[in-house]
Amino acid sequence: MSPHKQIELQLQAAVREVLPEADSAAVLVRPCPDPKFGDYQSNALMSLARARKLNPRQLAEDVLKKLDVSTTCEKVEIAGAGFLNFRLKISALNQALESVVKGGPLFFETASRPKTVVIDFSSPNVAKPMHVGHIRSTFLGDSLARALRLLGHRVITDNHIGDWGTQFGKLLVGWKKYLDAGALRKDPISEMERLYRFVNSAGESDPAVLEEARLELVKLQGGDPENLGIWREMIALSEKQFDDIYSRLGIKFDFTYGESFYNDRLKPLVDELLEKDIARESEGAIAIFFEGDPQLKDKPALVRKSDGGFNYSTTDLATLAFRLAEWRPDEIIYVTDGRQQLHFQQIFSAFRKWLPASKTRLAHVWFGAILGDDGKPFKTRSGDTVKLSDLLDEAEERTFKIVSEKNPSLPEPARREIARVVGIGAIKYADLLPNRQSDYVFSWDKMLALNGNTAPYLQYAYARIRSIFRKLDQPTGHPGSSLTLATPEEIALAKHFLNFGLTLDSVVEEYRPNFLCIFLYELAGKFTAFYENCPVLKADGQTRNSRLILCELTARVLKQGLELLGIEVVDQM
RNA sequence: GCGCGCGUAGCUCAACUGGAUAGAGCGUUGGCCUCCGGAGCCAAAGGUUGUGGGUUCAACUCCCGCCGCGCGCACCA
């Protein structure tokens with residue numbers, strides 16, 4: 001159990017001792033949101049007092065008289081309307097930290113009941129460039145996967161790429177009639193994108209082109225060898241792009257079962273839904289209706305179009321069935337943008353109708369739109385979006401210039417490596433920092449900022465710690481485990497460590513890595529305050545030893561936390 | 001029209017899910033010692049949380065009505 005949790009439970013038990021018949025909410029002791037009031041607080045006595053028709057401050061005083069928490073806390077204080085504020089004793093804090101130094105878990109606890117969780121994220125389309133619109137799903141999903149894994153869960157990541165669908169009709173027409181082989185060799189994605197756009201706009205003025213595309217699509221779906229061959233080549237070229245990008249981002253998937261993987265499962269699925277009376281014919285299409293649900297009353301989900309083709313809902317239901325059978329997950333998490341909320345409501349409702357006995361929890365983790373400078377959403381179709389590879393290049397280039405200014409003596413390969421880690425880190429952090437449900441205004445400067453609340457600030461704090469350890473004259477190895485916390489900066493830093501586990505729990509529960517960003521930024525801030533006010537190497541004996549331990553713990557938590565955001569650290573920058 | 005979501009400092013965003021004096025970054029202004037890395041630190045200015053009611057010890061947070069914005073509403077994914 002994490003030290004924080006342990007203390008929390010101790011204090012709760014102590015309050016419970018005094019109020020044996022109160023309900024569990026009334027004895028709750030929680031970490032205090034603002035350290036200036038204390039480290040833990042009880043704020044439920046006010047409502048308890050009301051229920052018992054007592055004066056809340058009087059009740060608090062009565063509780064206080066009998067309350068004994070002297071082993072862990074200083075004198076408990078009553079404040080405001082009837083808050084109890086607990087302040088941790090330094091000895092208790094020392095003890096909590098020492099247990100970590102001696103090899104205990106890093107202020108968090110792993111799940112007592114590990115879950116199997118499937119995470120569906122990123123999901124780029126074949127034959128299109130990955131652009132900034134993909135980063136939220138990609139970073140969010142990856143970060144959640146990392147956090148869940150650290151907490152002991154079994155995580156399966158599945159990249160549900162768009163490798164099937166009507167766009168291939170147009171792509172096939174383009175490929176057969178207008179392909180520029182040289183351009184394809186040079187930059188396959190751009191050439192395929194060009195082909196798609198060209199045929200798309202030709203189709204706007206000439207219906208014959210659309211008809212042609214439709215026929216090519218029918219041939220592909222019918223298994224025409226030539227079209228299948230072209231289709232496979234397009235996928236292979238796209239996969240190369242995906243691999244490049246994901247490798248730069250340090251992101252790996254356990255599986256990449258694209259939409260096409262489910263092709264031969266679609267017809268049997270619809271047959272089954274019809275047979276079980278879950279879906280029925282409507283206006284020539286096959287649809288699932290949700291009469292009982294006021295929200296989905298007039299919003300049927302189509303699982304077969306009137307022309308006999310299948311669509312998004314069909315594939316998603318087939319995918320769901322496959323995942324249930326293949327991995328028996330406790331939970332499936334879909335990370336997509338907020339515009340798909342209705343779609344996932346339909347899928348989830350259909351799932352409950354179809355497999356009412358299933359215990360699997362489905363979660364749609366959605367995020368806001370990415371907007372341009374004009375405040376309008378990015379257009380994925382008509383272009384003018386920033387390519388992800390260009391964004392990464394720009395980040396590394398800008399960072400390289402700064403590294404070269406600050407640290408000209410380092411050899412170029414080292415500067416390149418630092419620029420890579422810091423540049424990519426800045427992008428990931430900028431993306432993960434805002435609340436995921438807020439819309440997102442894209443700006444180069446914000447994305448690539450290296451000052452303020454950014455990844456480089458955290459990486460810089462880490463690098464400064466490493467620098468201290470490089471300068472340590474005698475490499476005594478482990479600085480020991482004994483702490484003497486004295487200054488306010490030391491104590492504030494030490495107390496903040498305890499919040500790490502709590503933060504990880506909320507990240508996973510709320511699917512919000514930005515909680516971790518906030519925690520890490522505060523950690524780096526508290527470390528910097530400590531660094532400014534408490535000399536480490538110039539201190540003597542036990543003080544120096546104790547401060548070295550704080551440095552080491554800060555470095556470990558920073559590194560671990562950043563790793564959960566998919567961000568690396570460097571020893572020098 | 002119906003549904004979902006949003007509205008917080010000049011700008012970009014937080015606020016631990018109902019707690020105490022609403023906090024950061026950017027930008028602006030003014031400081032930082034021969035001292036472990038200045039990608040840093042300290043300080044100042046900046047707010048009727050869109051608006052009007054309600055609920056209660058307590059509301060950015062929950063409920064209702066307006067105003068404004070975004071997204072979604074049957075054969076795209």
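Naming: A, B, ... by sequence-line order, numbering from 1 per chain.
- With hydrogens and angles ignored, no donor-acceptor pair under 3.5 angstrom links the side chain of A:Glu259 to the base of B:A77.
- Rounded to whole Å, the P atom of B:G40 lies 7 Å from the corresponding atom of B:C26.
- For B:U49, the base is anti relative to its sugar; the glycosidic angle deviates from 0 by more than 90°.
- Remark: C1' of B:C2 and CG of A:Leu342 are 12 Å apart, rounded to the nearest angstrom.
- In terms of position on RNA chain B, the residue among A:Gly284 and A:Asn514 whose nearest nucleotide sits closer to the 5' end is A:Asn514.
- Checked against a 6.0 Å centroid threshold, the rings of A:Tyr257 and A:His160 do not count as neighbours.
- Electrostatic pairing of A:Lys5 and A:Glu8 does not count as a salt bridge here, judged by no charged N lying under 4.0 Å from a carboxylate O.
- Atom CD in A:Gln437 sits 7.0 Å away from atom CZ in A:Arg512 (nearest 0.5 Å).
- For the C1' atoms, the distance from B:C35 to B:G30 is 24 Å, rounded to whole Å.
- Here A:Arg512 lies in heavy-atom contact (under 4.0 Å) with a base.
- Put simply, OH on A:Tyr312 is 12 Å from P on B:C73, counting in whole angstrom units.
- Taking atom P in both B:A43 and B:G5, one finds a spacing of 40 Å when rounded to whole Å.
- A:Tyr429 places its OH atom 10 Å from the C1' atom of B:A24, with the value rounded to the nearest Å.
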According to the Watson-Crick and G-U wobble definition with distances under 3.5 Å, which dot-bracket string, read 5' to 3', encodes RNA chain B, using [ ] for crossing pairs and | for pairs with another strand?
(((((((..((((.....[...)))).(((((.......))))).....(((((..]....))))))))))))....

What one-letter contact string describes nucleotides 3-10 of chain B from 5' to 3', where B marks a base within less than 4.0 Å of any protein heavy atom, S marks contact via sugar-phosphate atoms alone, and - marks no contact?
SSS-----

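- Checked by atom type and distance alone, the side chain of A:Thr487 pairs as donor or acceptor with a backbone atom of A:Glu490 at under 3.5 Å.
- Only the P atoms considered, B:A15 is 28 Å distant from B:U56, to the nearest whole Å.
- Interatomic distance, CG of A:Leu84 versus OH of A:Tyr40, reported as 15.0 Å (0.5 Å rounding).
- Of the P atoms belonging to B:C6 and B:C64, the separation is 14 Å, rounded to the nearest Å.
- A:Phe83 has its ring centre no less than 6.0 Å from the ring centre of A:Phe37.
- A:Ser438 has a side-chain polar atom (N or O) that falls below the 4.0 Å cut-off from OP1 or OP2 of B:A14.
- Distance noted for atom P between B:G37 and B:U49: 45 Å (whole Å).
- Within the nucleic acid shown, A:Glu283 comes within 4.0 Å of at least one base atom, counting heavy atoms only.
- Here A:Pro33 lies in heavy-atom contact (under 4.0 Å) with a base.
- Residue contacts shown for A:Ser506 are absent, as no nucleic acid heavy atom lies under 4.0 Å away.
- When the P atom of B:G23 is taken as reference, atom NZ of A:Lys36 falls 6 Å away, rounded to whole Å.
- Counting atom types as modelled, A:Ser282 pairs a side-chain N or O with a base atom of B:A74 as donor and acceptor under 3.5 Å.
- Note: CZ (A:Arg339) to P (B:A77) measures 15 Å, nearest angstrom.
- The distance between atom CG of A:Asp34 and atom P of B:A15, rounded to the nearest whole Å, is 15 Å.
- With rounding to the nearest 0.5 angstrom, the CG atom of A:Leu523 is 4.5 Å from the CG atom of A:Leu558.
- When heavy atoms are screened at a 4.0 angstrom cut-off, A:Gln41 is found touching base atoms of the nucleic acid.
- Side-chain rings of A:His496 and A:Phe519 approach one another, their centers coming within less than 6.0 Å.
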Give the B/S/- string for nucleotides 34-45 of chain B, one per nucleotide from 5' to 3', where a protein heavy atom under 4.0 Å of the base yields B, of only the sugar-phosphate yields S, and otherwise -.
-SBBSBSS----

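- Between A:His364 atom NE2 and B:G72 atom P the separation is 13 Å, expressed in whole Å.
- With RNA chain B read from its 5' end, the first of the two nearest nucleotides for A:Gly80 and A:Ser47 is the one closest to A:Gly80.
- Side-chain N/O atoms of A:Arg30 include one lying less than 4.0 angstrom from OP1 or OP2 on B:U17.
- A:Asp163 comes within 4.0 angstrom of no nucleic acid atom, judged by non-hydrogen atoms across all strands.
- Between A:Glu193 and A:Arg197, at least one side-chain nitrogen of the basic residue sits less than 4.0 Å from a carboxylate oxygen of the acidic one, meeting the salt-bridge criterion.
- The separation between A:Phe515 atom CZ and B:C13 atom P is 17 Å, rounded to whole Å.
- For the C1' atoms, the distance linking B:U61 with B:G7 amounts to 14 Å, nearest Å.
- A:Ile7 contributes atom CD1, which lies 12.5 Å from atom CZ of A:Phe86 (distance to the nearest 0.5 angstrom).
- Ion pairing of A:Lys170 with A:Glu216 is absent here, as no side-chain N (NZ or NE/NH1/NH2) approaches a carboxylate O to less than 4.0 Å.
- Salt bridge present: A:Asp445 and A:Arg398 bring a charged side-chain N and a carboxylate O closer than 4.0 Å.
- Between A:Ala318 and A:Arg265 the shortest heavy-atom distance is CB-CB, 4.3 Å.
- Annotation: the span from A:Leu320 atom CG to A:Tyr262 atom OH amounts to 9.5 Å, rounded to 0.5 Å.
- A gap of 24 Å separates the P atoms of B:U17 and B:C13, to the nearest Å.
- A donor and an acceptor atom never sit less than 3.5 Å apart when one is taken from the side chain of A:Asn311 and the other from the base of B:A74.
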